[in-house]
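A short worksheet on the structure shown next.
Values below: every heavy atom of this structure, side chains too, minus hydrogens, waters and symmetry copies. Within every chain, numbering begins at 1; the chains are lettered A, B, ... in the order of the sequence lines, protein sequences first and strands thereafter.
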2 protein chains.
Amino acid sequence: MFISKSCSYGIRSVAYLSGYPQGRYVPIRDISSDLNISYHFLTKILQMLTAANILISSRGAGGGVALAREAAAITLYDLIIAIDGDELFTGCLLRLPGCGTKTPCPMHQEWDVARGKVNHFCCHTSVTGLKQHMLLLAANPASDL
Amino acid sequence: MFISKSCSYGIRSVAYLSGYPQGRYVPIRDISSDLNISYHFLTKILQMLTAANILISSRGAGGGVALAREAAAITLYDLIIAIDGDELFTGCLLRLPGCGTKTPCPMHQEWDVARGKVNHFCCHTSVTGLKQHMLLLAANPASDL
DNA sequence: CAAATAAAAGACTCTTTTATCTTAAATTAA
DNA sequence: TTAATTTAAGATAAAAGAGTCTTTTATTTG
Ligand code: SF4
Ligand code: SF4
């Protein structure tokens, strides 16, 4: 598993918001019901994205959350870092505690190359154009599209 | 996190065993104490590797677990599949349930390329030569080598 | 055979993640 | 200013992952 379930929810929400004009507030309740995600749980996750300046939020009538910048400028990397932290991008593949790579193991260098591809992908991929696909899947659960 | 903690333990154990002649039984107790892993927990994990024909085991005095084939022929891929399953190698990056990639999303193809590098790395990397590094780390916890 | 050894199996606990529920605070609109 | 709306915050619960403990089964040794 590359990302946590929380992170998945965060990414899906940003993809969902990318279908609206940037800066337009959308209630979290709408996102959660359209994507079949627990409302209160999603609230906490989106708070992380707000804290990371990826979303902005507004309370009260007419409020909600909105993209803080254009969707194309929000990368998977930004979202994963905000929710899961940098473990995926910098931590030890083998989860060996205490390895600071000052004395790299035999596999480290090649691993760094492979992971570099993942990092590059995440840094250069935004969630634009994902909304349709997601809503399709949300509407046809377990249909194996 | 690419792999689970259980998987990390399994990989470390195989690396540890690679320091012994192939087929030579080593008690799990020895592995667990040298690597600072809970004995009974490790037992369950190594059972998965035995079930996957990566290790062989023998009960009773003089028994233990042993590599079922030469260490160089055991890849990270084998170990991850045996303990964590194939999710990492085949599952959806975004953890979207029900996506069978018959109708791929805009990011799928590029993601497949990046993940292909990870898969290739795991399929071509064995744990030989890792034992020294691991014992060093186990002996100097949190020393950030 | 009896005793010692060591994996296998099962029950149980602790921690982290995921999910739910309740209350508070901020904002808008009438 | 009152009511409605909506995020923020906190408490609690369920599920999954990780770790511990006990009992059983298989094997070797004497
Ligand atoms: S050197 Fe090896 S053990 Fe250390 S962080 Fe890199 S992959 Fe992990
Ligand atoms: S097509 Fe997109 S949503 Fe489907 S499995 Fe691939 S990455 Fe996931």
Item to check | Any side-chain donor near an acceptor of the partner, B:Asp34 and B:Tyr16, under 3.5 Å | outcome: yes
Checklist entry - Quick one: is D:dT7 close enough that its OP1 or OP2 comes under 4.0 Å of any side-chain N or O from A:Gln47? => result no
Item to check | N or O in side chain of B:Ser58 less than 4.0 angstrom from D:dT27 OP1/OP2 | outcome: no
Checklist outcome for this item: Rounded to whole Å, the CG-C1' distance (A:Leu42 to D:dA9) equals 16 Å
Item to check | CA sep, side-chain torsions, deciding dist, call: B:Ser33, B:Arg29, side-chain hydrogen bond (donor to acceptor under 3.5 Å, both in side chains) | outcome: CA-CA 6 Å; B:Ser33 67; B:Arg29 180 71 72 181; over 6 Å; no
Checklist entry - Rounded to the nearest Å, what distance is computed from the CG atom of residue B:Asp84 to the P atom of nucleotide D:dA16? => result 16 Å
Checklist entry - Which whole-number value in Å describes the distance from B:Ile28 CD1 to D:dT20 C1'? => result 16 Å
Checklist entry - In terms of heavy-atom contacts, does CD of B:Gln22 have more than 12 from other residues, nucleotides or ligands at under 6.0 Å? => result yes
Checklist entry - C:dA8 phosphate, OP1 or OP2: any side-chain N/O from B:Ser57 under 4.0 angstrom? => result yes
Item to check | Closest to the A:Phe41 side chain, choosing from C:dA19, D:dA8, D:dT28 | outcome: C:dA19
Next on the checklist: Using OP1 and OP2 only, check whether a side-chain N or O of B:Ser38 sits under 4.0 Å from D:dT20.
Outcome noted: yes
Item to check | Atom-to-atom span, CD1 of A:Ile45 to C1' of C:dT20 - whole angstrom | outcome: 13 Å
Checklist entry - Counting only heavy atoms not in B:Arg69, do more than 12 sit closer than 6.0 Å to its CZ atom? => result yes
Next on the checklist: Would you say A:Tyr39 places a side-chain N or O within less than 4.0 Å of OP1 or OP2 belonging to D:dT7?
Outcome noted: yes
Checklist entry - Separation of B:Leu17 atom CG from C:dA7 atom P, in whole Å? => result 11 Å
Item to check | Distance-only donor-acceptor test, A:Arg59 side-chain atoms vs D:dT7 base atoms, 3.5 Å | outcome: yes
Checklist outcome for this item: B:His40 atom NE2 is separated from D:dG17 atom P, nearest whole Å, by 22 Å
Checklist outcome for this item: Here the distance between atom P of D:dT7 and atom CG of A:Leu55, to the nearest Å, is 11 Å
Item to check | A:Gly63 or B:Arg95, whichever maps to the more 5' nucleotide of DNA chain C | outcome: B:Arg95
Item to check | hbond_proxy B:Lys44 side chain to D:dG19 base (donor-acceptor, 3.5 Å cutoff) | outcome: no
Item to check | Electrostatic pair A:Lys5-A:Asp84, nearest N-O below 4.0 angstrom | outcome: no
Next on the checklist: Below the 4.0 Å mark, does C:dA7 have OP1 or OP2 next to a side-chain nitrogen or oxygen of B:Thr43?
Outcome noted: no
Checklist entry - Starting at the 5' end of DNA chain C, which residue's closest nucleotide do you reach first, A:Gly62 or A:Lys5? => result A:Lys5
Checklist entry - Roughly how many Å is it from CZ in B:Arg29 to P in C:dA7, rounded to a whole number? => result 9 Å
